[in-house]
Each structure stands twice: as C-alpha cells, then as structure tokens.
Amino acid sequence: MKLVVLGSGTSVPHPQRAAAGFWLETETGSLLLDCGADTAHRMAAENLDWPNLDAIWISHLHLDHCGGLAPFLFGTKHAPLTQTRRKPLTILGCQGISKLLRAIDDANDYDLCDQPFPVELREISTDNSPEADFEILPDLRARSFSTRHTNESLAIRLTDRAGASVVYSSDTAYDESLAAFARGVDLLILECSFWRNKPTAKHLELAEAMRLAPLAEPRKVILTHLYPEWDAIDLESKAKELWPGETIAAYDGLRLEIQNRTWVQKRER
Ligand SMILES: [Zn+2]
Ligand SMILES: [Zn+2]
C-alpha cells in the first residue's frame with residue numbers, strides 16, 4: 001500500500017494545508033479517504049491517477065471532508081480523460097451523502113452520478129457492529145466505527161490481504177473505544193486538531209491523541225487535521241514528550257509506503 005497526504009488541514013484556509021484528503025493505493029486499486037474542497041486539484045498536483053480512481057470514502061458531512069466530492073464528480077463527468085473510462089467508481093461512507101449530492105443536483109441539474117462510467121453509492125450505518133465488514137477495493141477489507149464528532153461521523157479500518165492495516169479516524173472527540181478499534185494497527189491516521197486548551201469537545205488536542213496512542217498501540221501514528229495554531233509548534237517533539245512511539249506530523253505531500261508490514265516515509269516526488 002501507498003499513502004499520499006493530500007490535505008493535512010481543516011476548513012480554515014491555509015497556504016500549505018489543504019482540507020482533509022488522503023490517497024491510498026493498493027495492488028488492486030486506489031481509494032480516496034475524504035474529499036475536502038481542495039482534494040480534486042491536490043490529486044492532480046501530486047500527479048496521481050485521479051481519472052482511474054476506484055473508490056471514495058467520505059467520513060462525515062463537514063465540508064472540509066466532503067466539500068470536494070461534487071466538484072470532483074462535476075470534473076469527471078466532463079473531463080476529456082474520463083470520457084472513455086468504463087470501470088465503476090464506488091462512493092462509500094456516512095449517512096447523508098446521497099442527500100447532499102441530490103441537493104446539489106437539484107440546484108443546477110448536474111446529475112452528478114450520471115457519469116461516463118457507472119457510479120455505485122452506498123451509505124454505511126453507524127451501528128458499529130463488528131460483522132459490518134465490507135470490501136472497499138478487491139482484497140482490501142474495511143470496517144467502520146462511529147466516532148463522537150457528529151451523528152454520522154465514521155472512522156475506518158482497512159486491512160489488505162497480506163494483513164497490512166491503516167486506521168483513519170477522521171474527526172473525533174476523545175474516546176477510548178476508538179483506541180480499541182485501532183488496536184495494533186500498522187498506521188493510525190489520527191486527528192489532532194489542537195495543541196492544548198481546545199475550544200471544542202468534538203476534536204482532539206495533543207495530550208488526548210497521545211493518551212489514545214498507547215491504548216491503541218499502533219506501529220506508527222500520523223497526526224493530521226492541523227489547525228493553523230500548529231504552525232508555530234514542533235508537533236513531533238511535543239508528541240515525543242508524551243508518547244515514545246513514532247509520530248509523524250502530517251503535511252501536504254507526505255508519502256508513505258508499506259514494506260514488510262512497516263510504513264516507511266518516502267521522499268517527495
Ligand atoms: Zn474536519
Ligand atoms: Zn468535522
């Protein structure tokens with residue numbers, strides 16, 4: 001598997017951090033984890049094969065996570081590069097995605113799911129049942145977990161055939177059952193919106209993220225969803241003071257690749 005961070009930021013406009021978006025590639029396909037407002041153009045900027053993207057996961061309805069979905073579909077509907085595509089695109093994620101796309105369709109007869117290729121859209125419930133396991137790409141199993149952020153918010157755990165795994169928390173409040181969900185994962189992509197004195201209960205600050213890490217015991221953590229207050233702070237060394245494990249501060253363009261069950265940082269392209 002390969003991971004490219006497209007957006008390590010939030011809804012707040014920032015010169016270096018786009019809104020949430022992560023490109024994940026396996027031997028059998030490509031998957032976008034969240035599609036923030038900037039994601040479509042970020043995929044192009046990173047030279048990724050967006051015209052052949054296989055699946056999109058939407059964690060929740062905040063626009064820094066799904067605001068780019070309709071613009072991306074508007075793009076693929078008309079882009080010369082996608083006119084000959086015939087393989088389907090799967091859109092999976094939280095409750096309410098269809099309603100959102102319908103509302104945008106209604107505003108201008110976009111018909112966003114009527115593409116040159118088939119689109120399959122499926123909403124995942126928030127009941128956290130362990131048997132609610134699904135295949136998001138061939139040979140890539142997924143399980144979702146309802147997070148304490150908004151009613152529809154979901155984290156996702158992905159495992160490939162070789163057993164390599166990733167958890168993407170998306171936005172969440174402090175919740176130790178999320179650590180249980182992420183237990184033993186190879187790579188935990190965890191939100192860490194604030195350093196300290198967080199202004200809302202619905203996000204994490206560093207001390208909380210670093211309390212979840214030893215409970216989850218991931219092999220590596222990427223902290224993301226970074227508000228501009230992080231600009232002045234050395235996140236990785238602050239994290240090290242609280243948890244000795246390996247923490248990487250996300251940045252747009254960060255690339256990792258799995259080698260023998262270990263996620264290794266790659267040089268930028
Ligand atoms: Zn967010
Ligand atoms: Zn949110």
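Whatever order the structure lists them in is the order used to number ligands and atoms, beginning at 1. The residues of the chain are indexed from 1 along the displayed sequence. When reading the values below, keep in mind they use all heavy atoms of this one structure, side chains included, and skip hydrogens, waters and symmetry mates.
Here the N, O or S atom of H65 that is nearest to the Zn ion (ligand 1) is NE2. Taking the N/O/S atoms of H62 in turn, the shortest distance to the Zn ion (ligand 2) belongs to ND1.
Around atom CZ of R161, no more than 12 heavy atoms belonging to other residues, nucleotides or ligands sit under 6.0 Å away. More than 12 heavy-atom neighbours from other residues, nucleotides or ligands sit within 6.0 angstrom of CD on E236.
An angle of 170° is found at the Zn ion (ligand 1) between D171 atom OD2 and D64 atom OD2, rounded to 10°.
Among the backbone and side-chain atoms of H60, an N, O or S atom lies under 2.8 Å from the Zn ion (ligand 2).
Between H60 and D34, the side chains place no donor N or O within less than 3.5 Å of an acceptor N or O (distance only, hydrogens not considered).
The closest donor-acceptor contact from the side chain of R17 to the backbone of T10 lies at 3.5 Å or more, if one exists at all.
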